[in-house]
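Take a look at the structure set out below.
Only a predicted model underlies this, so the values are computations on that prediction, with no experimental measurement involved.
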Amino acid sequence: MFKILCNRILNVKEEVQKLETKFYTIQGVINDAEKRQLKDEAVKFWLDKLKDVSNQMDDVLDEWNTALIKAYIEKQEEEEEEEEEEEEEEVETCTANKRKNV
């Protein structure tokens, strides 16, 4: 189960990297097309559509990065909680042992 989950995560990361590459390519095309739109009305229309797609891609990438950061923070918090629980158990065990010895 864990192996399948890891493979899925790796596949998603690969897809996100592909999406990022396409996004940066589109950004370059947009920059070039903005120079041409003054001369050609069809380029202006096409450029507007491409900008919309680019903005949507940017939103998806932002959401992905936000989800990664959130997952990392949650994992850190869980690990800290586990450590605190272990420390509490150690203190309780130590205290119980001292009571037995007294």
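I26 and F45 fall into different hydrophobic clusters, where Ile, Leu, Val, Met, Phe, Trp and Tyr side chains are chained together by heavy-atom contacts under 4.5 Å.
Under a 4.0 Å N-O distance rule, the pair K75/E78 does not qualify as a salt bridge.
Within the 4.5 Å cutoff, side-chain heavy atoms of W64 are placed close to those of L68.
Note that NZ of K51 and CD1 of I30 are 7.0 Å apart. Values are rounded to the nearest 0.5 Å.
No donor-acceptor pair under 3.5 Å is formed between the side chain of D58 and the backbone N or O of S54. A donor-acceptor pair under 3.5 Å links the side-chain atoms of T25 to the main chain of T21, judged by distance alone.
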